[in-house]
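In what follows, every chain begins at residue 1, and chains take the letters A, B, ... in the order their sequences are listed.
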Amino acid sequence: MNAQQDDLYRQAESEFAPAIARLAQAMERNPEKARDLEQDIHCELWRSFERFEGNCALSTWVYRVAHNVAADHVGRAARRPAPVPIEDIEHLPSNVSTEDAAAEGHAIERIQLLVRTLPLIDAQVILLWLEGQSGKDIAEISGLSVNAVNVRIHRIKSMLADAFAEPDRKGADHE
Amino acid sequence: MSNLPFPQWGAQQPNASFANPSKFQKRSTMFERKIRRRNMFEYIAGLIGSILFAWFAWTAFAEGESLMAASWLLQIVGTIVVLLNLRKVGSNLPHSPEQDCRSHLRAQLAHQHKALSSVGRWYLGPFIPGLLAVFLAMVEITARETGWAIAFGMFALPAFVVVAMFVGIFWLNKRAAKQLAEQISELDGLADPA
(Lines give C-alpha, C1' and ligand atoms only; values in the text may rest on other atoms or scores of the structure.)
Protein backbone atom coordinates (compact mmCIF):
# COMPACT_ATOMS: atom_id res chain seq x y z
CA MET A 1 0.00 0.00 0.00
CA ASN A 2 1.46 3.42 -0.85
CA ALA A 3 0.60 6.61 1.01
CA GLN A 4 -1.16 8.25 -1.92
CA GLN A 5 -3.35 5.18 -2.45
CA ASP A 6 -4.34 5.25 1.20
CA ASP A 7 -4.98 9.03 1.20
CA LEU A 8 -7.18 8.79 -1.88
CA TYR A 9 -9.07 5.90 -0.36
CA ARG A 10 -9.77 7.86 2.82
CA GLN A 11 -10.74 10.95 0.84
CA ALA A 12 -13.12 8.87 -1.28
CA GLU A 13 -14.59 7.38 1.90
CA SER A 14 -15.30 10.78 3.41
CA GLU A 15 -16.99 12.03 0.23
CA PHE A 16 -18.63 9.01 -1.35
CA ALA A 17 -19.21 6.19 1.16
CA PRO A 18 -22.99 6.82 1.50
CA ALA A 19 -23.40 7.18 -2.29
CA ILE A 20 -21.66 3.86 -2.86
CA ALA A 21 -23.82 2.15 -0.24
CA ARG A 22 -26.92 3.55 -1.98
CA LEU A 23 -25.64 2.38 -5.37
CA ALA A 24 -25.08 -1.17 -4.10
CA GLN A 25 -28.55 -1.28 -2.53
CA ALA A 26 -30.19 0.02 -5.67
CA MET A 27 -28.44 -2.44 -7.97
CA GLU A 28 -28.74 -5.53 -5.76
CA ARG A 29 -32.02 -6.41 -4.08
CA ASN A 30 -30.59 -9.09 -1.76
CA PRO A 31 -29.18 -7.24 1.30
CA GLU A 32 -26.36 -9.72 1.84
CA LYS A 33 -25.27 -9.56 -1.79
CA ALA A 34 -25.64 -5.78 -1.72
CA ARG A 35 -23.21 -5.65 1.20
CA ASP A 36 -20.82 -7.91 -0.72
CA LEU A 37 -21.13 -5.68 -3.78
CA GLU A 38 -20.42 -2.61 -1.66
CA GLN A 39 -17.24 -4.21 -0.32
CA ASP A 40 -16.22 -5.29 -3.82
CA ILE A 41 -16.50 -1.65 -4.87
CA HIS A 42 -14.34 -0.59 -1.90
CA CYS A 43 -11.79 -3.23 -2.82
CA GLU A 44 -11.69 -2.24 -6.51
CA LEU A 45 -11.47 1.44 -5.59
CA TRP A 46 -8.54 0.82 -3.31
CA ARG A 47 -6.77 -1.24 -5.99
CA SER A 48 -7.54 1.35 -8.66
CA PHE A 49 -6.04 4.25 -6.70
CA GLU A 50 -2.63 2.78 -7.41
CA ARG A 51 -3.25 3.84 -11.04
CA PHE A 52 -4.84 7.23 -10.32
CA GLU A 53 -2.75 10.00 -11.87
CA GLY A 54 -5.14 12.91 -11.46
CA ASN A 55 -6.20 13.00 -15.10
CA CYS A 56 -9.82 13.39 -14.02
CA ALA A 57 -11.66 14.54 -10.91
CA LEU A 58 -11.70 12.13 -7.99
CA SER A 59 -15.50 11.99 -8.16
CA THR A 60 -15.38 10.95 -11.83
CA TRP A 61 -12.88 8.19 -11.01
CA VAL A 62 -14.82 6.93 -7.98
CA TYR A 63 -18.18 6.88 -9.75
CA ARG A 64 -16.74 5.17 -12.82
CA VAL A 65 -15.14 2.39 -10.77
CA ALA A 66 -18.22 1.99 -8.56
CA HIS A 67 -20.68 1.83 -11.45
CA ASN A 68 -18.52 -0.48 -13.54
CA VAL A 69 -18.07 -2.93 -10.66
CA ALA A 70 -21.84 -2.81 -10.04
CA ALA A 71 -22.51 -3.28 -13.76
CA ASP A 72 -20.27 -6.35 -13.85
CA HIS A 73 -22.17 -7.71 -10.86
CA VAL A 74 -25.57 -7.12 -12.48
CA GLY A 75 -24.37 -8.40 -15.84
CA ARG A 76 -23.59 -11.75 -14.28
CA ALA A 77 -26.95 -12.16 -12.54
CA ALA A 78 -28.36 -15.13 -14.41
CA ARG A 79 -32.01 -14.57 -13.55
CA ARG A 80 -32.30 -10.87 -14.18
CA PRO A 81 -35.44 -10.12 -16.22
CA ALA A 82 -35.03 -8.46 -19.61
CA PRO A 83 -34.45 -4.72 -19.09
CA VAL A 84 -36.99 -2.15 -20.26
CA PRO A 85 -35.57 1.06 -21.82
CA ILE A 86 -36.46 4.24 -19.98
CA GLU A 87 -38.37 5.65 -22.96
CA ASP A 88 -40.77 2.67 -22.73
CA ILE A 89 -41.61 3.28 -19.06
CA GLU A 90 -44.52 5.64 -18.46
CA HIS A 91 -44.65 5.65 -14.67
CA LEU A 92 -42.41 4.82 -11.78
CA PRO A 93 -42.94 1.08 -11.13
CA SER A 94 -44.61 0.05 -7.88
CA ASN A 95 -45.36 -3.15 -6.00
CA VAL A 96 -47.65 -1.42 -3.54
CA SER A 97 -50.97 0.44 -3.50
CA THR A 98 -51.14 4.09 -4.56
CA GLU A 99 -51.68 5.31 -0.98
CA ASP A 100 -48.78 3.38 0.43
CA ALA A 101 -46.67 4.41 -2.52
CA ALA A 102 -46.73 8.01 -1.31
CA ALA A 103 -44.88 7.06 1.86
CA GLU A 104 -41.23 7.97 1.91
CA GLY A 105 -39.88 4.44 2.28
CA HIS A 106 -41.86 3.32 -0.72
CA ALA A 107 -40.54 6.19 -2.77
CA ILE A 108 -37.03 4.82 -2.37
CA GLU A 109 -38.26 1.29 -3.00
CA ARG A 110 -39.95 2.37 -6.22
CA ILE A 111 -36.84 4.14 -7.45
CA GLN A 112 -34.76 1.06 -6.68
CA LEU A 113 -37.29 -1.06 -8.55
CA LEU A 114 -37.02 1.29 -11.52
CA VAL A 115 -33.22 1.09 -11.42
CA ARG A 116 -33.36 -2.70 -11.50
CA THR A 117 -35.80 -2.63 -14.41
CA LEU A 118 -33.77 -0.35 -16.66
CA PRO A 119 -30.88 -1.23 -18.98
CA LEU A 120 -27.58 -0.70 -17.18
CA ILE A 121 -26.59 2.52 -18.89
CA ASP A 122 -29.98 4.15 -18.17
CA ALA A 123 -29.83 3.02 -14.53
CA GLN A 124 -26.35 4.50 -14.18
CA VAL A 125 -27.49 7.89 -15.45
CA ILE A 126 -30.48 7.93 -13.10
CA LEU A 127 -28.37 6.98 -10.08
CA LEU A 128 -25.75 9.61 -10.86
CA TRP A 129 -28.45 12.25 -11.20
CA LEU A 130 -29.96 11.21 -7.88
CA GLU A 131 -26.50 11.74 -6.35
CA GLY A 132 -26.57 15.34 -7.52
CA GLN A 133 -24.17 15.03 -10.45
CA SER A 134 -24.63 17.57 -13.25
CA GLY A 135 -25.50 16.53 -16.81
CA LYS A 136 -21.95 17.35 -17.93
CA ASP A 137 -20.39 15.30 -15.11
CA ILE A 138 -22.72 12.39 -15.79
CA ALA A 139 -21.70 12.52 -19.45
CA GLU A 140 -18.04 12.34 -18.44
CA ILE A 141 -18.59 9.45 -16.03
CA SER A 142 -20.93 7.47 -18.25
CA GLY A 143 -19.35 8.20 -21.65
CA LEU A 144 -22.75 9.19 -23.06
CA SER A 145 -23.35 12.40 -24.96
CA VAL A 146 -24.76 15.28 -22.90
CA ASN A 147 -27.90 15.09 -25.02
CA ALA A 148 -28.41 11.38 -24.26
CA VAL A 149 -27.90 12.11 -20.55
CA ASN A 150 -30.38 15.00 -20.56
CA VAL A 151 -33.05 12.91 -22.28
CA ARG A 152 -32.77 10.35 -19.47
CA ILE A 153 -32.79 12.97 -16.74
CA HIS A 154 -35.89 14.53 -18.24
CA ARG A 155 -37.64 11.14 -18.20
CA ILE A 156 -36.85 10.41 -14.56
CA LYS A 157 -37.95 13.90 -13.53
CA SER A 158 -41.31 13.38 -15.24
CA MET A 159 -41.71 10.02 -13.58
CA LEU A 160 -40.90 11.41 -10.14
CA ALA A 161 -43.23 14.36 -10.72
CA ASP A 162 -46.06 12.00 -11.70
CA ALA A 163 -45.42 9.64 -8.84
CA PHE A 164 -44.94 12.08 -5.99
CA ALA A 165 -46.79 15.18 -7.16
CA GLU A 166 -44.27 17.69 -5.81
CA PRO A 167 -40.75 16.44 -6.33
CA ASP A 168 -37.93 18.73 -5.30
CA ARG A 169 -37.43 21.27 -8.05
CA LYS A 170 -33.76 21.66 -7.34
CA GLY A 171 -33.08 18.92 -9.84
CA ALA A 172 -33.70 21.41 -12.61
CA ASP A 173 -30.39 23.04 -11.74
CA HIS A 174 -28.52 19.90 -12.48
CA GLU A 175 -29.19 19.81 -16.18
CA MET B 1 -27.21 16.59 0.82
CA SER B 2 -29.20 19.80 0.31
CA ASN B 3 -28.38 20.05 -3.39
CA LEU B 4 -29.69 16.61 -4.25
CA PRO B 5 -32.65 16.59 -6.65
CA PHE B 6 -34.52 14.02 -4.54
CA PRO B 7 -33.50 14.55 -0.89
CA GLN B 8 -35.07 11.31 0.39
CA TRP B 9 -32.57 9.48 -1.77
CA GLY B 10 -29.60 11.22 -0.21
CA ALA B 11 -30.93 10.62 3.29
CA GLN B 12 -30.20 6.90 3.03
CA GLN B 13 -27.02 5.38 4.47
CA PRO B 14 -25.69 8.57 6.12
CA ASN B 15 -23.22 6.64 8.29
CA ALA B 16 -21.78 4.36 5.61
CA SER B 17 -18.03 3.84 5.72
CA PHE B 18 -15.42 2.01 3.66
CA ALA B 19 -14.01 -1.36 4.59
CA ASN B 20 -10.51 -1.45 6.07
CA PRO B 21 -7.95 -1.89 3.22
CA SER B 22 -6.03 -4.48 5.24
CA LYS B 23 -8.89 -6.87 4.35
CA PHE B 24 -8.23 -6.44 0.64
CA GLN B 25 -4.86 -8.20 0.62
CA LYS B 26 -6.62 -11.53 0.99
CA ARG B 27 -10.06 -10.66 -0.34
CA SER B 28 -11.28 -11.98 -3.67
CA THR B 29 -14.17 -10.08 -5.19
CA MET B 30 -17.37 -11.93 -6.13
CA PHE B 31 -16.20 -11.65 -9.73
CA GLU B 32 -12.86 -13.29 -8.99
CA ARG B 33 -14.51 -16.05 -6.99
CA LYS B 34 -16.94 -16.69 -9.81
CA ILE B 35 -14.15 -16.92 -12.39
CA ARG B 36 -12.21 -19.30 -10.15
CA ARG B 37 -15.29 -21.53 -9.78
CA ARG B 38 -15.95 -21.42 -13.53
CA ASN B 39 -12.37 -22.39 -14.37
CA MET B 40 -12.45 -25.19 -11.84
CA PHE B 41 -15.72 -26.51 -13.27
CA GLU B 42 -14.34 -26.43 -16.82
CA TYR B 43 -11.17 -28.26 -15.90
CA ILE B 44 -13.04 -30.91 -13.93
CA ALA B 45 -15.49 -31.42 -16.82
CA GLY B 46 -12.56 -31.65 -19.27
CA LEU B 47 -10.75 -34.07 -17.01
CA ILE B 48 -13.79 -36.32 -16.57
CA GLY B 49 -14.41 -36.29 -20.34
CA SER B 50 -10.79 -37.11 -21.09
CA ILE B 51 -10.71 -39.97 -18.55
CA LEU B 52 -13.86 -41.43 -20.10
CA PHE B 53 -12.46 -41.13 -23.62
CA ALA B 54 -9.17 -42.66 -22.49
CA TRP B 55 -11.03 -45.59 -20.96
CA PHE B 56 -13.02 -46.09 -24.20
CA ALA B 57 -9.76 -45.91 -26.18
CA TRP B 58 -8.08 -48.45 -23.93
CA THR B 59 -11.05 -50.85 -24.13
CA ALA B 60 -11.12 -50.56 -27.92
CA PHE B 61 -7.37 -51.08 -28.14
CA ALA B 62 -7.59 -54.16 -25.90
CA GLU B 63 -10.16 -55.63 -28.29
CA GLY B 64 -7.87 -54.99 -31.24
CA GLU B 65 -10.00 -52.13 -32.64
CA SER B 66 -7.20 -49.68 -33.35
CA LEU B 67 -9.32 -47.35 -35.55
CA MET B 68 -11.86 -47.01 -32.72
CA ALA B 69 -9.07 -46.48 -30.16
CA ALA B 70 -7.54 -43.75 -32.36
CA SER B 71 -10.97 -42.10 -32.67
CA TRP B 72 -11.33 -41.80 -28.91
CA LEU B 73 -7.80 -40.43 -28.66
CA LEU B 74 -8.81 -37.85 -31.24
CA GLN B 75 -11.72 -36.92 -28.93
CA ILE B 76 -9.24 -36.33 -26.11
CA VAL B 77 -7.21 -34.06 -28.42
CA GLY B 78 -10.44 -32.19 -29.28
CA THR B 79 -11.27 -31.73 -25.58
CA ILE B 80 -7.79 -30.39 -24.82
CA VAL B 81 -7.97 -27.97 -27.77
CA VAL B 82 -11.39 -26.71 -26.57
CA LEU B 83 -10.08 -26.20 -23.02
CA LEU B 84 -7.10 -24.25 -24.36
CA ASN B 85 -9.40 -22.18 -26.57
CA LEU B 86 -11.70 -21.56 -23.63
CA ARG B 87 -8.80 -20.18 -21.67
CA LYS B 88 -8.08 -17.75 -24.49
CA VAL B 89 -11.62 -16.83 -25.62
CA GLY B 90 -13.23 -16.97 -22.18
CA SER B 91 -10.49 -15.10 -20.36
CA ASN B 92 -11.28 -11.76 -18.80
CA LEU B 93 -10.53 -8.43 -20.38
CA PRO B 94 -7.68 -6.34 -18.95
CA HIS B 95 -9.04 -5.00 -15.69
CA SER B 96 -9.65 -1.24 -15.84
CA PRO B 97 -12.93 -0.34 -14.12
CA GLU B 98 -11.94 3.34 -14.21
CA GLN B 99 -12.89 3.75 -17.87
CA ASP B 100 -16.20 5.44 -18.66
CA CYS B 101 -19.26 3.25 -18.13
CA ARG B 102 -20.26 3.07 -21.80
CA SER B 103 -16.79 1.99 -22.92
CA HIS B 104 -16.61 -0.54 -20.10
CA LEU B 105 -19.97 -2.05 -20.98
CA ARG B 106 -19.18 -1.98 -24.70
CA ALA B 107 -15.88 -3.80 -24.17
CA GLN B 108 -17.65 -6.53 -22.16
CA LEU B 109 -20.34 -6.94 -24.82
CA ALA B 110 -17.79 -6.97 -27.65
CA HIS B 111 -15.79 -9.62 -25.79
CA GLN B 112 -18.87 -11.82 -25.40
CA HIS B 113 -19.87 -11.17 -29.01
CA LYS B 114 -16.50 -12.36 -30.27
CA ALA B 115 -16.73 -15.58 -28.23
CA LEU B 116 -20.30 -16.36 -29.32
CA SER B 117 -19.91 -15.51 -32.99
CA SER B 118 -16.83 -17.73 -33.34
CA VAL B 119 -18.20 -20.68 -31.35
CA GLY B 120 -18.07 -22.94 -34.44
CA ARG B 121 -14.34 -22.42 -34.77
CA TRP B 122 -13.16 -22.68 -31.16
CA TYR B 123 -15.77 -24.91 -29.47
CA LEU B 124 -17.61 -27.09 -31.98
CA GLY B 125 -14.90 -27.47 -34.62
CA PRO B 126 -12.28 -29.28 -32.49
CA PHE B 127 -14.80 -32.02 -31.60
CA ILE B 128 -15.79 -32.72 -35.21
CA PRO B 129 -12.75 -34.83 -36.34
CA GLY B 130 -13.05 -37.07 -33.25
CA LEU B 131 -16.82 -37.48 -33.58
CA LEU B 132 -16.54 -38.21 -37.30
CA ALA B 133 -13.82 -40.78 -36.62
CA VAL B 134 -15.89 -42.47 -33.87
CA PHE B 135 -18.89 -42.75 -36.21
CA LEU B 136 -16.79 -44.11 -39.06
CA ALA B 137 -15.12 -46.63 -36.75
CA MET B 138 -18.53 -47.80 -35.47
CA VAL B 139 -19.86 -48.11 -39.01
CA GLU B 140 -16.73 -50.00 -40.09
CA ILE B 141 -17.04 -52.48 -37.20
CA THR B 142 -20.75 -53.02 -37.92
CA ALA B 143 -20.17 -53.27 -41.68
CA ARG B 144 -17.98 -56.34 -41.21
CA GLU B 145 -21.13 -58.30 -40.40
CA THR B 146 -23.93 -56.38 -42.14
CA GLY B 147 -22.30 -54.71 -45.13
CA TRP B 148 -21.70 -50.95 -45.54
CA ALA B 149 -25.19 -49.91 -46.63
CA ILE B 150 -26.95 -51.42 -43.63
CA ALA B 151 -24.21 -50.20 -41.26
CA PHE B 152 -24.56 -46.63 -42.52
CA GLY B 153 -28.35 -46.93 -42.23
CA MET B 154 -28.07 -48.07 -38.62
CA PHE B 155 -26.00 -45.07 -37.63
CA ALA B 156 -27.85 -42.48 -39.71
CA LEU B 157 -30.27 -41.49 -36.95
CA PRO B 158 -27.67 -41.09 -34.14
CA ALA B 159 -25.48 -39.12 -36.58
CA PHE B 160 -28.43 -36.91 -37.47
CA VAL B 161 -29.15 -36.24 -33.78
CA VAL B 162 -25.52 -35.22 -33.13
CA VAL B 163 -25.43 -33.01 -36.24
CA ALA B 164 -28.75 -31.40 -35.22
CA MET B 165 -27.35 -30.73 -31.75
CA PHE B 166 -24.26 -29.06 -33.19
CA VAL B 167 -26.35 -26.99 -35.60
CA GLY B 168 -28.62 -26.01 -32.69
CA ILE B 169 -25.72 -24.89 -30.52
CA PHE B 170 -24.24 -22.97 -33.46
CA TRP B 171 -27.56 -21.26 -34.24
CA LEU B 172 -28.32 -20.31 -30.62
CA ASN B 173 -24.87 -18.77 -30.23
CA LYS B 174 -25.17 -16.87 -33.51
CA ARG B 175 -28.56 -15.54 -32.42
CA ALA B 176 -27.17 -14.41 -29.07
CA ALA B 177 -24.22 -12.79 -30.89
CA LYS B 178 -26.65 -10.90 -33.14
CA GLN B 179 -28.52 -9.56 -30.09
CA LEU B 180 -25.23 -8.43 -28.56
CA ALA B 181 -24.27 -6.70 -31.83
CA GLU B 182 -27.55 -4.76 -31.65
CA GLN B 183 -26.83 -3.72 -28.04
CA ILE B 184 -23.32 -2.61 -29.05
CA SER B 185 -24.74 -0.58 -31.89
CA GLU B 186 -27.26 1.07 -29.52
CA LEU B 187 -24.43 1.96 -27.12
CA ASP B 188 -22.43 3.46 -29.99
CA GLY B 189 -25.42 5.63 -30.82
CA LEU B 190 -25.37 7.12 -27.31
CA ALA B 191 -21.82 8.45 -27.51
CA ASP B 192 -20.81 11.87 -28.73
CA PRO B 193 -20.27 11.72 -32.50
CA ALA B 194 -16.49 11.47 -33.03
Under 3.5 Å donor-acceptor, A/N68 side chain and B/Q99 backbone:
yes
Quick check for you: to the nearest 0.5 Å, what is the distance between B/Q108 atom CD and A/D72 atom CG?
5.0 Å
Partner of B/C101 under side chain to side chain contact (heavy atoms under 4.5 Å, CB included), picked from A/I141, A/L128, A/L144, is A/I141
Is it the case that over 12 heavy atoms from other parts of the model lie below 6.0 angstrom from the CH2 atom of B/W55?
no
Check whether any side-chain heavy atom of A/E13 sits under 4.5 Å from a side-chain heavy atom of B/S17, and report yes or no.
yes
Out of curiosity, does B/I80 fall in the hydrophobic cluster containing B/V134 (side-chain heavy atoms, cut-off under 4.5 Å, transitive links)?
yes
Is it the backbone or the side chain of B/E98 that comes under 4.5 Å from a heavy atom of chain A, or both, or neither?
both
So which heavy atom on B/L190 is nearest to which on A/R152, and how close?
CD2-NH2, 3.4 Å
Donor-acceptor pair, side chain of B/Q13 and main chain of A/R22, under 3.5 angstrom:
no
Would you give the length of the straight line joining atom CG of A/L45 to atom CZ of B/F18, rounded to the nearest 0.5 angstrom?
5.5 Å
Co-membership, hydrophobic cluster, residues A/V115 and A/V74, 4.5 Å side-chain:
yes
Taking every heavy atom of A/H42 against every heavy atom of B/A19, the minimum-distance pair comes out as ND1-N, 3.2 Å
Please classify the contact of A/A12 with chain B as side chain, backbone, both or neither, using a heavy-atom distance under 4.5 Å.
both
When A/E38, A/R51, A/H67, A/K33 are compared by non-hydrogen pairs under 4.5 Å with chain B, the top option:
A/R51
Closest heavy-atom pair, A/A17 versus B/A16, reported as atoms and distance to 0.1 Å, is CB-O, 3.3 Å
B/P21 versus A/W46, closest heavy-atom pair with distance
CB-NE1, 3.5 Å
Taking the inter-plane angle between the rings of A/Y9 and B/F24 on a 0 to 90° scale, is it parallel (under 30°), tilted (30 to 60°) or perpendicular (over 60°)?
perpendicular
Which heavy atom of B/N20 sits nearest a heavy atom of A/R10, and at what distance?
CA-NH2, 4.4 Å
By a 4.5 Å heavy-atom criterion (distance strictly below it), what part of A/E44 contacts chain B: side chain, backbone, both, or neither?
side chain
I want to check something: taking the side chain as every heavy atom from C-beta on, are B/L4 and A/L130 in contact at a cut-off of under 4.5 Å?
no
Please flag which part of A/L37 lies under 4.5 Å from any non-hydrogen atom of chain B: side chain, backbone, both or neither.
both
Working note: B/D100 + A/E140, criterion side chain to side chain contact (heavy atoms under 4.5 Å, CB included); need CA distance, chi angles, decisive distance, verdict.
CA-CA 7 Å; B/D100 70 70; A/E140 197 186 347; over 6 Å; no
Would a 4.5 Å heavy-atom cut-off, applied to side chains only, mark B/W9 and A/E131 as touching?
yes
Just do the salt bridge (charged side-chain N to carboxylate O under 4.0 Å, His left out) check on A/D36 and B/R33 with the steps written out, would you?
CA-CA 12 Å; A/D36 257 356; B/R33 290 198 295 273; 3.8 Å; yes
Could you see if B/L84 belongs to whatever hydrophobic cluster contains B/V77? Use Ile, Leu, Val, Met, Phe, Trp, Tyr and a side-chain cutoff under 4.5 Å.
no
Under 4.5 Å from any heavy atom of chain A - which part of B/L105:
side chain
Is any side-chain heavy atom of A/R64 less than 4.5 Å from a side-chain heavy atom of B/H104?
no
Any chance you could measure B/Q8, atom CD, to A/I108, atom CD1, to the nearest 0.5 Å?
6.0 Å
